[in-house]
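Here the structure comes first, spelled out in structure tokens, and everything after it is commentary.
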Number of protein chains: 2
Amino acid sequence: METYKNKILEFYRQSRRMPSYAEIMAMLGFKSKNAVYKLVNKLIGEGVFDKDSRGRLVPNALFSEVPMLGLVEAGFPTAAEEELVDTMSLDDYLIDNKEATYLLEVKGDSMIDAGIQEGDLVIVERGREPKPGNIVIAEVDGGWTMKYYRVTNGRAWLEAANPRYGPIHPEQELKVAAIVKGVVRKY
Amino acid sequence: METYKNKILEFYRQSRRMPSYAEIMAMLGFKSKNAVYKLVNKLIGEGVFDKDSRGRLVPNALFSEVPMLGLVEAGFPTAAEEELVDTMSLDDYLIDNKEATYLLEVKGDSMIDAGIQEGDLVIVERGREPKPGNIVIAEVDGGWTMKYYRVTNGRAWLEAANPRYGPIHPEQELKVAAIVKGVVRKY
DNA sequence: AGTATAGGTGAACGTTCGTACACCTGTCAA
DNA sequence: TTGACAGGTGTACGAACGTTCACCTATACT
């Protein structure tokens with residue numbers, strides 16, 4: 001039962017679409033589509049995935065998203081409460097404008113006090129006007145760097161989140177390539 | 001052209017599957033499936049999405065994933081190089097074991113020196129044996145907390161990543177509910 | 001003026017789709 | 001011993017699928 005579900009999940013992750021009934025039949029070793037039909041309806045009853053108006057299978061929240069439990073302080077809900085929790089896709093959460101979004105790996109510790117460490121990935125969005133206080137990716141002296149974007153007296157400059165680095169006041173105009181929209185770190 | 005692509009993308013995000021030719025026909029206002037057929041083949045030629053062996057549409061890397069450009073220092077590649085960059089799905093990157101993975105929102109600043117701030121989301125995995133040095137979600141005195149997991153002389157204890165908080169040496173056994181596998185923050 | 005060509009219509013095709021119904025087991029409780 | 005039932009087989013069916021072909025524009029280039 002559980003292995004059926006996992007095989008279907010695996011198909012979805014590899015093929016980026018749900019299998020047809022015939023495909024499920026082949027991969028689970030059934031000899032009749034009807035066996036699949038009954039199995040699928042049971043799995044839908046369990047909330048594993050859904051079926052849309054055309055009868056096609058569609059992945060479910062539980063299937064492709066992550067349960068969002070609330071605050072750390074609250075800990076883990078009991079089994080009874082668990083069905084009530086929110087779920088979300090991290091992709092959807094972190095990315096607003098897919099066309100202009102990129103990932104960069106962080107080198108150095110100049111933003112350490114902003115909680116951005118070496119090896120983290122930052123999610124950046126191109127082509128947006130930076131606001132003071134944003135963390136931006138900017139070009140200075142032919143190299144790229146990540147800093148806070150500041151403006152005083154109408155002039156833009158850059159500030160690190162690490163007392164060991166001084167501010168950068170660019171001679172010419174400051175070239176901001178992208179603003180940082182998010183950070184992800186994996187342990 | 002570009003708006004065609006965006007409408008198909010939008011369908012995919014809402015329905016979690018690619019549309020059929022007939023559905024594309026309806027949503028783009030065509031009156032013939034063949035118009036869709038030609039359009040689809042052109043979009044595939046541009047690498048927007050793919051078609052599998054059954055002729056069904058399948059989202060592509062460019063379609064559902066985020067370009068990974070490299071180090072911050074390297075900045076943005078030129079248009080010519082851009083086709084060579086890696087892409088990845090944040091969901092896949094951050095989550096190994098989907099069944100046991102949950103999200104928690106961080107309250108407080110006890111892990112600030114580990115780059116985890118209030119309001120961040122931590123990705124936690126249940127049912128794993130913690131190793132010394134892991135960041136864990138543990139139950140102490142009836143409440144839940146996030147700390148470093150330490151072991152000295154065979155006894156487990158907890159350490160914050162903030163000098164303002166002292167270590168926690170539990171009286172009885174330490175209940176570790178989950179270990180922290182990742183952090184995400186959105187600006 | 002003539003002609004490729006890109007982009008659309010409309011009808012037809014064989015295949016695959018999800019669904020339905022009848023039937024055949026084995027298991028387990030009454 | 002019987003009967004209900006969960007779970008599987010086999011067949012059938014209409015609808016929807018992707019694909020193909022012939023044809024119809026406009027537009028752009030020679």
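Every heavy atom of this structure was used, including side-chain atoms; hydrogens, water molecules and symmetry mates were not.
Nucleotides of DNA chain D nearest to B/N34 and B/G55 differ in position, and the one nearer the 5' end is that of B/G55.
Spacing between atom CE of B/M25 and atom P of C/dA11 amounts to 12 Å, rounded to whole angstrom units. The separation between B/K38 atom NZ and D/dT19 atom C1' is 12 Å, rounded to whole Å. Atoms CZ (A/R54) and P (D/dA15) sit 14 Å apart, rounded to a whole Å. For the pair A/K33 NZ and D/dA15 C1', the computed distance is 12 Å after rounding to whole Å. Rounded to whole Å, the distance from CZ on B/R56 to P on C/dT15 is 15 Å. The interatomic distance linking B/K31 (NZ) with C/dA11 (P) rounds to 12 Å, in whole Å. One atom, CG of B/L39, and another, P of D/dT19, lie 13 Å apart when rounded to the nearest Å. Between A/Y21 atom OH and D/dA15 atom P the separation is 18 Å, expressed in whole Å.
Cation-pi check for A/R126 over A/Y102 is met; the charged atom lies under 6.0 angstrom from the ring centroid and within 45 degrees of its normal. Annotation: cation-pi pair B/K131/B/Y149 absent, no NZ/CZ under 6.0 Å from the ring centroid and within 45° of its normal.
We find that A/K98 and B/E65 are not joined by a salt bridge, their nearest charged nitrogen and carboxylate oxygen being 4.0 Å or further apart.
Taking only side-chain nitrogens and oxygens, B/S20 comes nearer than 4.0 Å to OP1 or OP2 of D/dC17.
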Going through the distances and angles, do B/D52 and A/S15 end up as a side-chain hydrogen bond (donor to acceptor under 3.5 Å, both in side chains)? CA-CA 9 Å; B/D52 67 11; A/S15 308; over 6 Å; no

